[in-house]
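What follows is a single structure, written as structure tokens, with notes after it.
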Number of protein chains: 2
Amino acid sequence: MEEPGTKSSPRDRIVDTATALFRKHGIRGIGVDAIVEAAGTNKMTLYRHFGSKDELVAECIRGQAAHADEKWAKLACEYPNDPVGQLGGWIKMVANYICTEVHGCDLVNTAIELHEDEHPARAVIAEFKTVHLRKLAEVCRAAGAADPELLANTLYMLMEGARVSRQINGADGPSARFMRVAEAAVAASIAAGVAGAAEVG
Amino acid sequence: MEEPGTKSSPRDRIVDTATALFRKHGIRGIGVDAIVEAAGTNKMTLYRHFGSKDELVAECIRGQAAHADEKWAKLACEYPNDPVGQLGGWIKMVANYICTEVHGCDLVNTAIELHEDEHPARAVIAEFKTVHLRKLAEVCRAAGAADPELLANTLYMLMEGARVSRQINGADGPSARFMRVAEAAVAASIAAGVAGAAEVG
DNA sequence: CGTAAGTGTGACTGACCTGTAACTATCGGG
DNA sequence: CCCGATAGTTACAGGTCAGTCACACTTACG
């Protein structure tokens with residue numbers, strides 16, 4: 001409807017600004033007044049586009065999830081028909097997140113901060129994380145892991161643990177070993193899978 | 001100064017009540033008015049004992065950390081001179097936490113919710129988690145792990161990841177496999193340690 | 001009895017919060 | 001040139017927040 005690049009719409013500015021401010025101060029740590037002021041707009045525009053602050057939060061989360069989906073799709077393109085390479089790429093991507101996004105996963109942080117069960121953002125978060133885990137398991141299966149679901153669960157726990165630990169124990173904490181541990185888990189599972197297949201075959 | 005059991009002091013009631021309410025609603029989700037009302041006391045008593053809400057938060061965290069230290073000490077008593085047994089006990093303890101404390105680790109949740117770097121609770125949390133990790137590494141070393149620090153970091157990431165995942169992916173998510181994965185990691189590391197020692201010896 | 005420490009009470013401040021209302025300004029398409 | 005949609009302005013409602021104050025009460029101890 002509008003050329004992007006010339007001048008972003010108030011709606012987009014609100015979402016982008018809110019995402020950044022929520023990340024920095026937490027959901028409850030920033031008010032809508034501060035958001036609209038930083039976005040260079042006003043409160044009425046915010047409430048016309050999003051019915052409530054909670055809906056704005058959900059929209060921000062949706063944007064983050066979409067961005068993560070893109071990253072995942074790019075990974076599949078980079079390693080076509082190479083699930084083992086995809087697993088390695090995923091590990092590298094997560095390791096990169098740990099180094100650059102020091103504050104952890106926004107979806108996890110939001111889920112932990114929001115204690116209301118009926119919050120619209122919760123469903124978005126749960127859906128995304130479930131799909132992420134399923135995709136990971138599929139890649140593990142394609143890579144020939146002995147127990148693909150077990151490997152996916154292991155990698156998932158390591159990822160979440162590393163990103164949480166990065167915030168508390170710092171860069172030199174356990175998260176520094178994430179890549180090494182994850183790669184070892186993948187190698188062991190694939191080796192066992194090959195051995196198992198050989199036994200059968 | 002006062003017999004415990006007859007009637008708890010207002011101070012203790014405030015800490016216990018605040019801990020429970022913070023857990024249920026989050027730090028920013030509950031006000032001091034609600035805390036003192038639930039504790040059967042008043043705001044002035046709270047502010048006479050703790051200079052601010054932030055200090056009360058830090059005191060609650062200190063209490064939780066002390067409780068966790070007790071659990072750890074009990075573990076050492078249950079498996080005297082048996083570091084391998086202690087590792088198994090630790091895994092079982094964490095697995096039990098995952099099942100019973102569905103909302104995750106209060107220290108982690110608080111650290112994620114509090115975005116102010118200078119918050120008095122942050123130092124308490126970082127200190128406790130660092131000590132926990134060091135203790136874990138010492139037990140791994142005593143148990144004869146090939147790379148004790150690596151094993152400790154692995155177990156730590158699995159623990160944090162499992163407890164976070166429990167909140168988002170539910171009981172049937174990756175956290176259901178925590179015990180199995182953790183025990184396998186311990187077994188593999190100890191086996192490699194024994195093999196390495198045999199090579200040397 | 002006297003005193004002192006700890007505790008309870010309710011009113012209060014000033015700031016901040018989400019959300020609404022009424023009105024005005026801009027701008028593109030018919 | 002007007003219409004309708006989008007956006008901006010100002011003001012405010014109705015709450016909640018942390019934190020303070022003066023004052024009264026209970027309890028224990030000498």
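Numbers restart at 1 for each chain; the letters A, B, ... are given by sequence-line order, proteins then strands. Below, each value reflects all heavy atoms present in this structure, side chains not excepted, and no hydrogens, waters or symmetry copies.
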- What are the two closest non-hydrogen atoms of B/K53 and B/I30, and how far apart are they? NZ-O, 2.9 Å
- Message: Do B/H132 and B/W72 have side chains that approach each other closer than 4.5 Å (heavy atoms only, starting at C-beta)?
- Response: yes
- With nearest nucleotides of DNA chain C determined for B/T45 and A/I27 from heavy-atom distances, which residue corresponds to the more 5′ nucleotide? B/T45
- Check the distance between C/dT18's C1' and A/N42's CG and give it to me in whole angstrom. 15 Å
- Check: C/dG6 base within 3.5 Å donor-acceptor of B/R11 side chain: no
- Kindly say if B/H49 contacts the phosphate of C/dT7, meaning a side-chain N or O under 4.0 Å from OP1 or OP2. yes
- Would you state whether a donor and an acceptor, one from the side chain of B/K53 and one from the base of D/dG19, lie under 3.5 Å apart? no
- Item | salt bridge (Lys or Arg N to Asp or Glu O under 4.0 Å) between A/R163 and A/D106, worked out | CA-CA 10 Å; A/R163 299 201 70 182; A/D106 290 324; over 6 Å; no
- Note on the structure: For B/I61 and B/I125, the nearest pair of non-hydrogen atoms, with its separation, is CG2-CG1, 3.7 Å
- Task: Please report, rounded to the nearest Å, how far the C1' atom of C/dT9 is from the NZ atom of B/K43.
- Result: 12 Å
- From the list D/dA7, C/dG8, C/dT18, which nucleotide is the closest neighbour of the side chain of A/V32? C/dT18
- Report the nucleotide, chosen from D/dT9, C/dT18, D/dG19, that has the shortest atom-to-atom distance to any side-chain atom of A/Y47. C/dT18
- Item | Whole-Å gap separating C1' (C/dC17) and CG (B/D33) | 15 Å
- Message: Please report the distance, rounded to the nearest Å, between CZ in A/F22 and C1' in C/dT18.
- Response: 12 Å
- Query: Over how many whole Å does the gap from A/F50 atom CZ to C/dT20 atom P extend?
  - Reply: 15 Å
- Query: Within this structure, what is the CD1-to-C1' distance between B/I30 and D/dA18, rounded to whole angstrom?
  - Reply: 14 Å
